[in-house]
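Just so it is clear: chains get the letters A, B, ... in the order the sequence lines come, proteins before strands, and each one is counted from 1. Keep in mind that what you see is a predicted model, and the values were worked out from it rather than measured.
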Amino acid sequence: MRVDAWTLLAEARRAFPDKWHGLTDTDTRYRQRYVDLWVTEEARATFRLRSRLISLTRRFLEARDYVEVETPILHPIPGGATAQPFVTHHNTLDVDLYLRVAPELYLKRLVAGGMERVYEIGRVFRNEGLSPRHNTEFTMLELYEAYGDYHVHMALLEELVAHLATELVGGTKLTYQERELDLTPPWRRATMSDLVEERIGVRVDITTPIDDLRSLCDEHGVPWKPDQGPGKLLLELYEKTTEASLWDPVFVIDYPAEVSPLSRPHREVQGLVERFEAIVGGRELCNGFSELTDPDDQRSRFEDQARLKASGDAEAMSVDHDYLRALEYGLPPTVGLGVGIDRLVMLLADQPNIREVILFPTLRPEVGLE
RNA sequence: GCGCCUCUAGCUCAACGGCAGAGCAACGGACUCUUAAUCCGCAGGUUCUGGGUUCGAAUCCCAGGGGGCGCACCA
């Protein structure tokens, strides 16, 4: 080798980690991603996969005539999900604003305005606990389609996930955390009641007397409160006894209306709504439903939520009068779906922790760094 | 918020009540052989912090801090 000339492009004033062992301290990896990306090939691969996944998702939806939109992140009224929002303040307007917990209500305003297929991929913020599956801010894909019902979006979602798996990991049969997982459509559809029955061996549904539900909760160590109705108890039973035991993809369908303030009533069963969640690898991947389009029904559901909020439920929604006004102009039958992009990336990148798929995850601020 | 585990050189780790060490990286030199590993040399520490026990603490105890996992909350 013969050097004719050389120029110093950048100076490394700090020593890099061990070339062979790399970084094992996850705290350092997450705080100093600029070092992690240098030394951890797996991290580079994960974030490349994430980028491709989002790109493929856009192309998939655009091929189906979905239009990408951007809606406000600062909301005057938090809504669209039952979750605690962050509060901030606008100085000039002198009003409190909330970081969005979901884009849902704005996207449905757009459908009411004649945009029949819309989607948004964006950050939402929830002021709640952190875990290997929860980050304070995370990326949600939400999409809405006029003239469809929840069956339409179940089919779309399983097709999207199968497409992404094929493109990104070479097929729909994969291994997640050393366990086989088959994403090949069609996925099973099963009602919440049926799944709980399979698990605990007792038939429960929305008509089960509340005392029976309460004693079942006691029997399975599920805490309950006197003000919780049968729908809430059914959901609690499902979540505590059944959800984590589901592994291969399943659409859990037909949720209690009581816990679904934005969903359309079930076409056949009183007290239920046409809602579904996809559980994959024991984890919720998406949440969707035929949308509630009746402004009177929506108003009374909002009022129920507002009562919960007044009695101390920090996650309950408020009445959004402008949204009700939009419904009064007429929202066609519509289906909507929200997908946790981070969790989808975890699944396809075979990562067990959400922090592995977010470049700069939320951490306690570092002290003593000056 | 509660419980369990964890924190030693830039990084990966040892020392587990008796003088804080190694490998890699860095730095100086030799070598001109790329796909972790050449050789010689040199340097590197508030053992997370503060107390306590002890003749003696990285090691045992208490409190605090950071992180991980579980529970709770949630997606």
Side-chain angles (χ1 to χ4, degrees), chain A residues 1-3 11-32 34-36 38-41 78 80-86 99-104 122-142 157 177 221-225 228 232 235-236 238-240 243-244 246 252 255 259-260 262 275-289 308 312-317 336-347 351-358 361-369:
Chain A
M1 179 173 170
R2 179 194 159 96
V3 176
E11 183 183 359
R13 296 191 182 185
R14 290 176 182 266
F16 279 83
D18 184 287
K19 196 196 293 181
W20 181 245
H21 295 97
L23 271 175
T24 59
D25 178 10
T26 53
D27 183 45
T28 307
R29 291 189 46 232
Y30 302 150
R31 286 189 196 279
Q32 301 182 43
Y34 36 87
V35 179
D36 183 42
W38 270 112
V39 301
T40 313
E41 165 57 30
T82 49
Q84 282 193 61
F86 285 90
L99 272 61
R100 67 180 177 189
V101 295
E104 170 149 359
R123 207 69 61 82
V124 299
F125 307 85
R126 298 190 182 175
N127 203 342
E128 287 165 350
L130 300 170
S131 88
R133 290 160 294 282
H134 302 87
N135 197 61
T136 305
E137 46 183 299
F138 62 101
T139 300
M140 180 96 100
L141 161 67
E142 281 204 13
L157 189 274
Q177 297 297 293
V222 179
W224 54 271
K225 292 178 226 153
Q228 292 174 329
K232 178 69 174 171
L235 178 71
E236 289 291 321
Y238 158 74
E239 286 184 344
K240 298 293 188 300
E243 185 172 287
L246 302 171
V252 183
Y255 279 62
V259 295
S260 313
L262 303 168
R275 175 177 168 193
F276 67 98
E277 291 190 358
I279 306 297
V280 183
R283 184 175 298 159
E284 183 185 335
L285 187 65
C286 77
N287 180 20
F289 35 85
L308 286 175
D313 184 345
E315 288 156 11
M317 298 182 200
L337 171 62
V339 183
I341 290 293
D342 312 275
R343 289 189 175 177
L344 193 49
V345 176
M346 287 167 69
L347 193 67
Q351 292 295 341
N353 193 316
I354 197 167
R355 291 173 166 184
E356 294 291 348
V357 305
I358 292 173
T362 306
L363 299 171
R364 203 179 291 274
E366 197 170 352
V367 293
L369 183 66

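- OP1 or OP2 of B:U12 sits under 4.0 Å from a side-chain N or O of A:T24.
- With sequence neighbours left out, the side chain to side chain donor-acceptor pair (under 3.5 Å) criterion links A:E128 to no other residue.
- For A:I354, the side chain to side chain contact (heavy atoms under 4.5 Å, CB included) partners at least two apart in sequence or on another chain are A:N135, A:D342, A:M346, A:V357, A:I358.
- Minimum atom distance to the side chain of A:D25 is reached by B:U12, of the listed B:C71, B:A75, B:U12.
- Put simply, CZ on A:R275 is 8 Å from P on B:A75, counting in whole angstrom units.
- Taking the side chain as every heavy atom from C-beta outward, A:L23 and A:Q32 never approach each other to under 4.5 Å.
- Applying the salt bridge (Lys or Arg N to Asp or Glu O under 4.0 Å) test to residues at least two apart or on different chains, none of the pairs has a partner in residues 14-23 of chain A.
- Residue A:G340 is out of contact with every strand shown, counting any heavy-atom pair closer than 4.0 Å.
- In this structure, A:D27 places its CG atom 11 Å from P of B:G66, rounding to the nearest Å.
- Contact annotation for A:N127: no contact, since no heavy-atom pair falls under 4.0 Å across all strands.
- For A:T26, counting side-chain heavy atoms from C-beta on, the closest listed nucleotide (B:G67, B:C11, B:A75) is B:G67.
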Could you list all N or O pairs between the protein and nucleotides 21-28 of chain B that sit under 3.5 Å apart?
{"from": "B:G23", "atom 1": "N2", "to": "A:D18", "atom 2": "OD2", "distance (Å)": "2.9"}
{"from": "B:C24", "atom 1": "O2", "to": "A:D18", "atom 2": "OD2", "distance (Å)": "3.4"}

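- Closest contact between the side chain of A:R31 and the listed nucleotides B:G66, B:A75, B:C71 involves B:G66.
- Qualifying side chain to side chain donor-acceptor pair (under 3.5 Å) partners for A:W224, counting only residues two or more places apart in sequence or in other chains: A:D218.
- Checked against salt bridge (charged side-chain N to carboxylate O under 4.0 Å, His left out), A:E104 has the following partners two or more places apart in sequence or in another chain: A:K108.
- Residues satisfying the side chain to side chain contact (heavy atoms under 4.5 Å, CB included) criterion with A:T26, sequence neighbours excluded, are A:R29, A:Y30.
- Qualifying ring pair (Phe, Tyr, Trp, His ring centres under 6.0 Å) partners for A:Y255, counting only residues two or more places apart in sequence or in other chains: none.
- Partners of A:S260 according to the side chain to side chain donor-acceptor pair (under 3.5 Å) rule, which considers only residues two or more places apart in sequence or in another chain, are A:R275.
- Atom name P, nucleotides B:G56 and B:A20: the rounded distance is 15 Å, in whole Å.
- Counting heavy atoms from C-beta outward, A:T136 and A:F125 have side chains that stay 4.5 Å or more apart.
- With sequence neighbours left out, the side chain to side chain donor-acceptor pair (under 3.5 Å) criterion links A:Q351 to A:E42, A:T46.
- Nearest to the side chain of A:R364, among B:G67, B:G70, B:A75, sits B:G67.
- Under 4.0 angstrom from either OP1 or OP2 of B:A75 there lies at least one side-chain N or O belonging to A:T82.
- For A:K240, counting side-chain heavy atoms from C-beta on, the closest listed nucleotide (B:A72, B:G67, B:A75) is B:A72.
- Among the nucleotides B:G70, B:A75, B:C11, the one closest to the side chain of A:I354 is B:A75.
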- Task: Represent RNA chain B in dot-bracket notation, 5' to 3'. Only Watson-Crick or G-U wobble pairs with both distances under 3.5 Å count; pseudoknot-style crossings use [ ] and interstrand partners use |.
- Result: (((((((..((((....[..))))..((((.......))))......(((((..]....))))))))))))....

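- Annotation: B:C31 and B:G17 have their P atoms spaced 49 Å apart (nearest Å).
- For A:R343 and A:N353, each mapped to the nucleotide of RNA chain B holding its nearest heavy atom, the one lying further toward the 5' end belongs to A:N353.
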Would you tabulate the pairs of protein nitrogen or oxygen atoms and nucleotide nitrogen or oxygen atoms of nucleotides 38-40 of chain B closer than 3.5 angstrom?
none

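- Checked against B:C13, B:C73, B:A75, the side chain of A:E315 finds its nearest nucleotide in B:C73.
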